[in-house]
Protein chains: 2
Amino acid sequence: MQDSVALADATAKRPRGRPRKTIDERDDGNRRQALLAAAARLFRQKGFAATTTRDIAAAAGMQSGSPFYHFKSKQVLLFAVMEEGMRAALARQRATMQASAHADLAPKTQLRKLVEAHFEVLLGPGNDFVPVMLYEWRSLQPRQRKSLALLVAEYEGLWVPVLTALHASHHLRAPVALARLLILGALNWSVQWFDPKKSASVQDLSDAAMALFLPP
Amino acid sequence: MQDSVALADATAKRPRGRPRKTIDERDDGNRRQALLAAAARLFRQKGFAATTTRDIAAAAGMQSGSPFYHFKSKQVLLFAVMEEGMRAALARQRATMQASAHADLAPKTQLRKLVEAHFEVLLGPGNDFVPVMLYEWRSLQPRQRKSLALLVAEYEGLWVPVLTALHASHHLRAPVALARLLILGALNWSVQWFDPKKSASVQDLSDAAMALFLPP
DNA sequence: CCTACCGATCGGTAGG
DNA sequence: CCTACCGATCGGTAGG
């Protein structure tokens, strides 16, 4: 019975039949993650409706029916992509803010950190998850939208204290609520035109954004 | 071309496409325009791929096969929607700039006019054509994309002299090319969150944008 | 512009 | 996770 440790060939062991909740987490997560990554890339490139589950399966090296072993529907897969993107973005931005607080950075510098991290989340290599969320919001079902909106509100909430401080010190003249929407819009739009093969780097973009939004 | 200033009604004169068809232009343009408007609304609301030609036909009060009497394919209909949107936007913005030049307005005021007109084009009632272009660019065929890119470049070109002047006078600190992308991004993103039923008006948005981008 | 229709594709499932 | 398959839908067309 010591063969419960038999992990030499992890691919050999595969829970037959019942899709219970207690599946080999390591292996299943592997394939599931491959599907998520493939879906994110394709959803971003062609859009949700124009991407077939067959496309996604093929990109993950599976047969056409297999994605449905991991996700109940295409719709659920879309949601999973977005949720994964938002959780990662949120974790990253929280870490950024904590570091800022520890270093006691000025609000201006804090904003710079937020902007930089935001650009990274949007434009970094393989970061297709958040862009999918930005451009497929309308493809969600109302219930999914409501659920994700909580994460989005949390993410945007991280910007508010910084913007409020900058507004109080007259560095930011627009009302905070509209400033937040306009600033995030300026950044989010970059996924439409940013080309990593061309010159501008995330640093350049952050410089330009800061110069645009804040006086010297 | 000076009479094209009367652009509020872009539906009037229509020298489009193949001049071989000698159908009653007025009536044909009528139905064709109904299809364009319905398609614009649905493409914006649900996306190109998720909208069926049957949806569009029904919204225009037609039977399922009838759109193909006016447009060779769904793809061509998409292009027609975007082209119509860009031509109207371009005409409007050109008129704005001519008025600015006549009144000898300061660059700052000129930018304000551009921003205002841009918001109107995006957020005005029934203005679904340009938003479709902004969010369905990836649904175009390469050839269509190339053709529309000319109009887009022309539109964005109108902003350059104004931004360059503001940069020269140190009112705009970011490099002009990036500033243009970031500013238009901030404005374009408004189609995602703007709600005409809520408080902020196009005037409020324009005020906030100007306050954000330019020092007092 | 309508009626009637077709071929292809797609999301999803049964059963192993 | 694969094989084999189904029902529904969709873009588009022929002919009037």
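Note that this is a predicted model, so its numbers are computed, not measured. First the proteins, then the strands, lettered A, B, ... as listed; each starts at 1.
- Under the 3.5 Å distance criterion, the side-chain polar atoms of Glu84(A) are left unmatched by any main-chain donor or acceptor of Phe79(A).
- Look at Arg54(B) and you won't find any side-chain N or O under 4.0 angstrom from OP1 or OP2 of dT9(D).
- Taking atom CZ on Phe68(A) and atom P on dG11(C), their separation rounds to 7 Å, with Å as the unit.
- The CZ-P distance, from Arg32(A) to dC1(D), rounds to 12 Å in whole Å.
- Whole-Å rounding puts the Leu77(A) CG to dG12(C) P distance at 10 Å.
- The residue among Asp55(A) and Gly65(A) whose nearest nucleotide of DNA chain C lies closer to the 5′ end is Asp55(A).
- In terms of position along DNA chain C, the nucleotide closest to Ser66(B) lies nearer the 5' end than the nucleotide closest to the other residue of the pair Ser66(B) and Gln75(A).
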For DNA chain D, the dot-bracket pattern of Watson-Crick and G-U pairs whose distances stay under 3.5 Å, | for other-strand partners: ||||||||||||||||
Test log, rule salt bridge (charged side-chain N to carboxylate O under 4.0 Å, His left out), inputs Glu136(B) and Lys46(A): CA-CA 10 Å; Glu136(B) 292 295 341; Lys46(A) 322 193 334 177; over 6 Å; no
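- In the displayed structure, Lys113(B) atom NZ is contacted under 6.0 Å by at most 12 heavy atoms of other residues, nucleotides or ligands.
- Atom CZ in Arg31(A) sits roughly 13 Å away from atom C1' in dC2(D) (whole-Å rounding).
- Note: CZ (Phe48(B)) to C1' (dC10(D)) measures 12 Å, nearest angstrom.
- As a whole-Å value, the separation of Leu35(A) CG from dG11(C) P is 14 Å.
- The structure places CE of Met133(A) at 9.5 Å from CG of Leu122(A), a figure rounded to the nearest 0.5 Å.
- Considering only side-chain N and O atoms, Gln63(B) lies nowhere under 4.0 angstrom from the phosphate OP1 or OP2 of dC1(C).
- Between the Ser66(A) side chain and the Met62(A) main chain, no donor and acceptor come within less than 3.5 Å of each other.
- For Phe43(A) and dG11(C), the CZ to C1' distance is 12 Å, given to the nearest whole Å.
- At the heavy-atom level, Thr52(B) lies under 4.0 Å from the strands shown only through sugar-phosphate atoms.
- Ring geometry for Trp189(B) against Trp189(A) counts as perpendicular: the plane angle is over 60°, on a 0 to 90° scale with 30° as the lower cut.
- One can place CE of Met62(A) at 19 Å from P of dA4(D), the figure rounded to the nearest angstrom.
- Distance check: Ser139(A) OG to Gln75(A) CD gives 7.5 Å after rounding to the nearest 0.5 Å.
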